[in-house]
There are 2 protein chains.
Amino acid sequence: MNKKNRTLQKPTKERIFDESLDLFSKKGYEAVSVREIAREVGIRESSIYNHYKNKEAILDAIIDYFKIELATSGTPQEDNEALIDQGPEVFFEVGAKTYIDRINTPKMEKIWRLVSIETYHNEKIKRFFKKELLEEPIRGWEEIFNLMIEKNLIKPVNPRTLAYEYFSFVIYLFFEYFILEYDEDFESFMDLALEKMTNHTEFLLQAIKV
Amino acid sequence: MNKKNRTLQKPTKERIFDESLDLFSKKGYEAVSVREIAREVGIRESSIYNHYKNKEAILDAIIDYFKIELATSGTPQEDNEALIDQGPEVFFEVGAKTYIDRINTPKMEKIWRLVSIETYHNEKIKRFFKKELLEEPIRGWEEIFNLMIEKNLIKPVNPRTLAYEYFSFVIYLFFEYFILEYDEDFESFMDLALEKMTNHTEFLLQAIKV
DNA sequence: TAAATATACGAACGAACGTTAGTTTTATAT
DNA sequence: ATATAAAACTAACGTTCGTTCGTATATTTA
């Protein structure tokens, strides 16, 4: 019976990962105890240490998973050039879709929330956030706007300014959701967020179209 | 000698307040122990309880101070009407100045950082942030843009959209500073932030001017 | 089937936490 | 000078924390 059950359910290590993520994303890393994780998994706290070196190793595993998922979900660089020729409208649409795809699984949504929380407390996560989720996207959008200007698709406004105009709103929406409204219904929030994003890109487009 | 020194320095309660704020803003509320506060003040931890009921009461006192400071620094509603007639440029300038004034003392700067951190963990602070620092300003700016449209000073774009366009950038700058770059030099950050804000309002103005 | 490995357990560790109790010192008011 | 009140002290409380140890029980490998 034990053997049969064991094969039907997820491995313990994965269950520790999932339950930890669930708790961390709700309460933050420090506020969750190893005993609490063990209780949720259904084992004793000492058994946790058969699967992870210590508590921090669980957090590290989660962040590693996050980085890998992000790396495999990004739009390939080469496609950009071809997309730009179809005009800014198409690009904004694809851009929005890319960001949504990155939070589209319950697991990733929880990690986003966790990363938002721990950015305050964890230096490693903070640096990652700043570099990969803020500076790198800004740089990418600057490049895109620069290309659009070169191709005479939009007015010659400072591309860095445009990148901030576009992307600061994305950050704002993340902030609004993951920090201020996380408890609320994801579907209805997403509907509202998409509407806000549409208004934003329409306004931006109106301002820079030739 | 003791008496003389005592009268020259701040009262103990105030020193507890100041040191707590200093530590809280650096490490977050939970990460700071009562012993640590006492050590910084230069008394035993039990003496803290002669001045504050418990640890949470210190945090409450800080938040109360913040609310009072914010309430007394806001621009009076009546002035808005007169300012609007001078055109959007003036209004953006005054608006930016108002926000800067609200973080212009070292004490207030620390509390902003603390509020940013604890918004994740403290339900009271979160509700305050959402209502008073996000929804209320957005509502205010919507009203302002609405008036500008009525007075034919700007194009008739949806005023709510304009409010988000303007204010999401302010939130973004707060986020960038208080969460991601807090350690860095305030002066140099503020110079850069002001430049970004100027670019932002210039872009916005260009897009909506009649 | 026997040996080896993986995984679970109960019990305990040392340290840190917020807080309280009782007592002594210091400052103020009569 | 003496009584009162404020504010400091020492010591300890009961909990919780992350982690380790030795051991028992499954599961896998030889």
Side-chain angles (χ1 to χ4, degrees), chain A residues 1-24 26-63 114 117-118 121-125, chain B residues 1-24 26-63 114 117-118 121-125:
Chain A
M1 188 196 82
N2 264 338
K3 188 183 178 183
K4 197 177 182 185
N5 277 349
R6 195 63 54 86
T7 51
L8 283 178
Q9 69 180 321
K10 284 183 292 188
T12 305
K13 186 162 189 173
E14 199 176 327
R15 269 156 58 221
I16 295 170
F17 183 102
D18 290 345
E19 295 296 343
S20 297
L21 173 53
D22 200 60
L23 291 166
F24 289 165
K26 280 178 189 152
K27 315 162 110 191
Y29 173 75
E30 288 286 353
V32 176
S33 69
V34 176
R35 283 168 178 82
E36 198 175 358
I37 297 168
R39 198 185 315 129
E40 288 299 317
V41 175
I43 57 177
R44 297 284 155 177
E45 63 267 21
S46 53
S47 304
I48 300 266
Y49 293 85
N50 286 326
H51 302 274
Y52 290 94
K53 185 177 161 286
N54 52 27
K55 190 188 172 190
E56 200 185 354
I58 306 176
L59 179 61
D60 289 342
I62 292 172
I63 300 300
L114 172 59
I117 296 179
E118 293 309 318
H121 301 97
N122 186 306
E123 195 59 34
K124 267 188 296 182
I125 296 181
Chain B
M1 188 195 88
N2 264 336
K3 189 182 178 183
K4 197 175 183 187
N5 277 349
R6 193 63 53 88
T7 50
L8 283 177
Q9 70 181 322
K10 282 184 293 187
T12 305
K13 185 161 188 173
E14 198 176 327
R15 268 156 60 222
I16 295 170
F17 183 102
D18 290 345
E19 295 296 344
S20 298
L21 173 53
D22 199 60
L23 292 166
F24 289 165
K26 280 179 190 150
K27 315 163 102 188
Y29 173 75
E30 289 286 352
V32 175
S33 70
V34 175
R35 282 170 179 81
E36 200 176 357
I37 297 168
R39 197 185 316 129
E40 289 299 317
V41 174
I43 56 176
R44 298 285 157 179
E45 62 267 23
S46 52
S47 304
I48 300 266
Y49 293 87
N50 285 328
H51 302 276
Y52 290 95
K53 187 176 158 286
N54 51 28
K55 190 188 172 189
E56 201 185 352
I58 305 176
L59 179 61
D60 290 342
I62 292 172
I63 300 300
L114 172 59
I117 297 179
E118 292 310 318
H121 301 97
N122 186 307
E123 195 58 35
K124 267 188 295 183
I125 295 181

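In what follows, chains are A, B, ... by sequence order, proteins preceding strands, each numbered from 1. Every heavy atom of this structure was used, including side-chain atoms; hydrogens, water molecules and symmetry mates were not.
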Between A:His51 and C:dA8, does any side-chain N or O lie under 4.0 Å from OP1 or OP2?
yes
Is a donor on one side and an acceptor on the other found under 3.5 Å between the side chain of A:Tyr52 and the backbone of A:Leu59?
no
Rounded to whole angstrom units, what separation is found between the NZ atom of B:Lys55 and the C1' atom of C:dT19?
12 Å
Specify the separation, in whole Å, of atom CD1 of A:Ile43 and atom P of C:dC9.
6 Å
In whole angstroms, the gap separating P of D:dC17 from OH of A:Tyr49 amounts to 11 Å
Compare the minimum distances between each of C:dT19, D:dC9, C:dA8 and the side chain of B:Asn54, then state the nucleotide with the smallest one.
C:dT19
For the CG atom of A:Leu21 and the CG atom of A:Leu114, what is their distance to the nearest 0.5 Å?
6.5 Å
With heavy atoms under 4.0 Å as the rule, sort A:Val41 into base, sugar-phosphate or nothing.
nothing
Any sub-3.5 Å donor-acceptor pair from B:Glu118's side-chain atoms to B:Tyr29's backbone N or O?
yes
Can a side chain N or O of B:Ser46 be found less than 4.0 Å away from OP1 or OP2 on D:dC9?
no
Side chains of A:Lys55 and A:Ile48, heavy atoms from C-beta outward: is any pair under 4.5 Å?
no
Whichever of B:Ser47 and A:Glu56 has its nearest DNA chain D nucleotide further upstream toward 5'
B:Ser47
Nucleotide C:dC17, atom P - distance to CD1 of B:Ile48 in whole Å
13 Å
Are B:Arg35 and C:dA16 close enough that a side-chain N or O sits under 4.0 Å from OP1 or OP2?
no
B:Lys10 atom NZ is separated from D:dA7 atom C1', nearest whole Å, by 18 Å
Do the side chains of A:Phe17 and A:Ile58 get nearer than 4.5 Å, heavy atoms only?
no
Rounded to the nearest Å, what distance is computed from the CZ atom of residue B:Arg39 to the C1' atom of nucleotide D:dC9?
17 Å
Below 4.0 angstrom from OP1 or OP2 of C:dG10, is there any side-chain N or O of A:Arg44?
yes
C:dC17 C1' sits how many Å from B:Glu36 CD, rounded?
12 Å
Note: for B:Glu45 and A:Lys53 on DNA chain D, the residue whose nearest nucleotide lies more 5' is B:Glu45
Rounding to a whole Å, what distance do you find between A:Asn50:CG and D:dT25:P?
16 Å
